[in-house]
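Along the sequence shown, residues carry numbers from 1.
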Amino acid sequence: MSASTTAAARGARRAGVDTIELACWSAATRRGAERLTVGDQVSVEGALRHRYFRTGPALQSRYKVEVATIRTMPAARSGATGT
């Protein structure tokens with residue numbers, strides 16, 4: 001199973017989105033990824049892979065995480081402060 005996740009660039013001059021593909025090879029990681037919904041904060045552990053490929057004359061690259069563990073993080077409480 002493959003899934004994609006996006007992370008908004010923080011503090012960037014220009015807003016952007018980074019996409020990292022998740023490759024889930026075990027049944028447990030596939031079940032965890034299938035339960036994700038938009039807005040979930042997750043913790044993912046695994047091997048980060050970077051690949052290059054050509055699309056016409058352009059060289060492209062993508063990142064992929066081969067997931068070993070995936071879990072949903074508890075939602076942050078509203079009004080909580082870090083002090």
Side-chain angles (χ1 to χ4, degrees):
M1 174 193 180
S2 285
S4 291
T5 185
T6 58
R10 292 185 182 172
R13 173 184 272 168
R14 192 178 83 180
V17 174
D18 295 324
T19 301
I20 299 174
E21 187 176 347
L22 302 177
C24 299
W25 299 109
S26 72
T29 58
R30 282 193 300 271
R31 282 191 304 270
E34 288 169 350
R35 285 192 289 260
L36 296 177
T37 60
V38 173
D40 282 350
Q41 292 186 11
V42 297
S43 173
V44 177
E45 293 182 25
L48 181 63
R49 307 287 185 214
H50 191 196
R51 66 182 182 97
Y52 296 90
F53 57 94
R54 288 207 175 271
T55 55
L59 182 63
Q60 301 283 319
S61 72
R62 295 285 186 269
Y63 284 99
K64 176 188 287 191
V65 174
E66 292 178 355
V67 179
T69 61
I70 186 169
R71 63 180 175 206
T72 305
M73 303 303 289
R77 291 182 294 174
S78 61
T81 62
T83 58

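Closest of all the heavy-atom pairs between T29 and C24 is OG1-CB, 3.4 Å. Contact record, M73 with V42: CG-C, 3.8 Å, taken as the closest heavy-atom pair. Residues I70 and V67 come closest through the heavy atom pair CB-CG1, 3.9 Å. Between Q60 and T55, the closest heavy-atom pair is CG-OG1, 3.4 Å. Residues W25 and R30 come closest through the heavy atom pair O-NH1, 2.7 Å.
Remark: R35 CZ to T72 OG1 distance equals 7.5 Å, nearest 0.5 Å. Put simply, OG on S26 and CZ on R31 are 7.5 Å apart, with the number rounded to the nearest 0.5 Å. Taking NZ from K64 and CD1 from I20, the interatomic distance works out to 13.0 Å, rounded to the nearest 0.5 Å. Rounded to the nearest 0.5 angstrom, T69 OG1 and E45 CD are separated by 4.0 Å.
Ionic pairing of R62 and E21 is not present here: no N-O contact between side-chain nitrogen and carboxylate oxygen is shorter than 4.0 angstrom.
For F53, there are no ring-ring contact (aromatic ring centres under 6.0 Å, His included) partners two or more places apart in sequence or in a different chain.
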For this session: Show the numbers, then the answer: is there a side chain to side chain contact (heavy atoms under 4.5 Å, CB included) between H50 and S61?
Result: CA-CA 7 Å; H50 191 196; S61 72; 3.3 Å; yes
